[in-house]
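Values below: every heavy atom of this structure, side chains too, minus hydrogens, waters and symmetry copies. Throughout, protein chains are lettered first and strands after them, A, B, ... in sequence-line order, and every chain is numbered starting at 1.
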Protein chains: 2
Amino acid sequence: MLLDPHVQDLLFREARTAHVFTDEPVDDERLAAVYELVRWAPTSFNQQPLRVMLVRSDEARRRLVPLMWDSAQARTAAAPLVAVLAADLDFHEYLPEQFPVFPQAKDVCFSNDDARVDSAVLNAAIQIGYFILGVRAAGLAVGPMTGFQADKVSAEFFPDGRHRALVVISMGRPGASAWFDRLPRLPYDRVFTSC
Amino acid sequence: MLLDPHVQDLLFREARTAHVFTDEPVDDERLAAVYELVRWAPTSFNQQPLRVMLVRSDEARRRLVPLMWDSAQARTAAAPLVAVLAADLDFHEYLPEQFPVFPQAKDVCFSNDDARVDSAVLNAAIQIGYFILGVRAAGLAVGPMTGFQADKVSAEFFPDGRHRALVVISMGRPGASAWFDRLPRLPYDRVFTSC
């Protein structure tokens, strides 16, 4: 690996899903720096379907908390910043601009609704992987959560009906006793096979 | 950002989707080192649904190439290594071992087929994001491809019927003229919104 051990620790080995944060806020400038970096990582047809709703107001937070599953409500209420990460299911509108080498892709590849939604979800999720590592690279801890009423969160935070909420993420500086014991990971030979 | 500029370049800014590779092979040891690092990044309920089929034999490569869309066939045929990245749709079988803090999650959260498949695809895609950056961190270039007949690739390379192929990825050292011009990325204010 070409990464120094301390970078490997920062991104993967010592980074942990945080359940408790300090009160230090997470400002837009830091998130913009994260995005400015991670946006260069690849997506299919350069489609970039990820959209991020930062839940900053107390009023918006009060709308989100009851839509989370029980175990995630307290964490969602307490984190310095939570965001709803969603896929823009109509990302193809921007393809002629984002993928000018084949502007017809908008219609040729993505006029079928099912194919387009599948692609939006797949690529937004890949981008969520990039984003999680990017937030860690900014020195913050993340707490990704998928336990929520997705249809209601989508409708509440993206009322235009063209987005699907995929992950709610909490972010901030880890507080005292911020994480649980490390859970096991599958070994290489249970994940990789050759043919 | 806590990453040195050269690491930011390695992972994001100068790393590019490669279409041409040298003949240098990619061995299992390097992939195991990548996986050993990226496997620590988070998934929902620690479910880790990503599975990787390394297409190493000429015979297997010949089965894969015709299932790729036209534009991806030559790249799939020529890369030093291609792999099919898939979601294990029955990942929940391993949850009591991987998520021992709530072993009932296997049945309580994932006995519903639709919810389980959605979770497998979402989390495997997030892991694909981690994996792409991990391969880059090992000094290799990647060429992720989603243009293929997914049902046929799933059936051909995961005949047990419990996996869904999501991305085919080529890997190796970038060759001469390995990439096209950089495509544009959406600016921060078109991706992030506050409420």
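For the set A/A138, A/A15, A/A60, the entry with the most heavy-atom pairs within less than 4.5 Å of chain B is A/A138. Counting heavy-atom pairs under 4.5 Å between each of A/N46, A/V7, A/L3 and chain B puts A/N46 at the top. Among A/D181, A/D28, A/D4, the residue with the largest count of heavy-atom pairs under 4.5 Å with chain B is A/D28. The residue among B/G147, B/S194, B/P100 with the most heavy atom pairs within less than 4.5 Å of chain A is B/S194. Residue with the most contacts toward chain B among A/R30, A/R56, A/R182, A/R13: A/R182 (heavy-atom pairs, distance under 4.5 Å). Among the candidates A/S57, A/A41, A/A137, the residue making the largest number of heavy-atom pairs closer than 4.5 Å to chain B is A/A137. The greatest number of non-hydrogen atom pairs below 4.5 Å with chain B, out of A/L31, A/V142, A/L2, is found for A/L2.
Annotation: residues 115-127 of chain A contacts chain B through A/L122, A/A125, A/I126 [non-hydrogen atoms, separation under 4.5 Å]. Contact residues of residues 68-93 of chain B toward chain A are B/W69 (heavy-atom distance under 4.5 Å).
For B/F131, the part lying near chain A is the side chain, with the backbone staying farther off; criterion is any non-hydrogen pair under 4.5 Å. Residue contact with chain A, scored on non-hydrogen atoms closer than 4.5 Å, is absent for B/L140. At a 4.5 Å heavy-atom cutoff, the contact between B/I132 and chain A is made by side-chain atoms alone. Contacts of B/V191 with chain A are made by both backbone and side-chain atoms, with heavy-atom separations under 4.5 Å. There is no contact between A/F180 and chain B, counting heavy-atom distances below 4.5 Å. Contact annotation for B/L10: only side-chain heavy atoms (C-beta onward) come within less than 4.5 Å of a heavy atom of chain A. Using a 4.5 Å cut-off between heavy atoms, B/R190 contacts chain A through both its backbone and its side chain. For B/E36, no part sits under 4.5 Å from any heavy atom of chain A, backbone or side chain. Heavy atoms of A/E97 lying under 4.5 Å from chain B belong to its backbone as well as its side chain. Looking at B/T17, only its side chain comes within 4.5 Å of chain A, counting heavy atoms on both sides. Residue contact with chain A, scored on non-hydrogen atoms closer than 4.5 Å, involves the side chain of B/P144 exclusively. Contact annotation for B/V34: both backbone and side-chain heavy atoms come within less than 4.5 Å of a heavy atom of chain A.
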Apply side-chain hydrogen bond (donor to acceptor under 3.5 Å, both in side chains) to residues A/Q48 and A/Q98 and explain how you reach the verdict. CA-CA 9 Å; A/Q48 309 166 69; A/Q98 299 301 316; 2.8 Å; yes

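Between the A/R185 side chain and the B/W40 main chain, a donor and an acceptor come within less than 3.5 Å of each other. The backbone N or O of A/V153 lies less than 3.5 Å from no partner atom in the side chain of A/E156, so there is not a single donor-acceptor pair.
Taking the centre of each ring, B/F99 and B/Y94 stay at or above the 6.0 Å mark.
Both B/F102 and A/L183 are part of a single hydrophobic cluster, where members link through side-chain heavy atoms under 4.5 Å apart.
Taking the six-membered ring where tryptophan is involved, the planes of B/Y35 and A/Y188 are tilted, since the angle between them lies from 30° to 60°.
More than 12 non-hydrogen atoms from other residues, nucleotides or ligands lie less than 6.0 angstrom from CG of A/D160. In this structure, B/D189 places its CG atom where more than 12 heavy-atom neighbours from other residues, nucleotides or ligands lie under 6.0 Å away. Sparse packing is recorded around CZ of A/R164, with 12 or fewer heavy atoms of other residues, nucleotides or ligands lying under 6.0 Å away. For B/D151, the CG atom is loosely surrounded, since the number of other residues' heavy atoms within 6.0 Å does not exceed 12.
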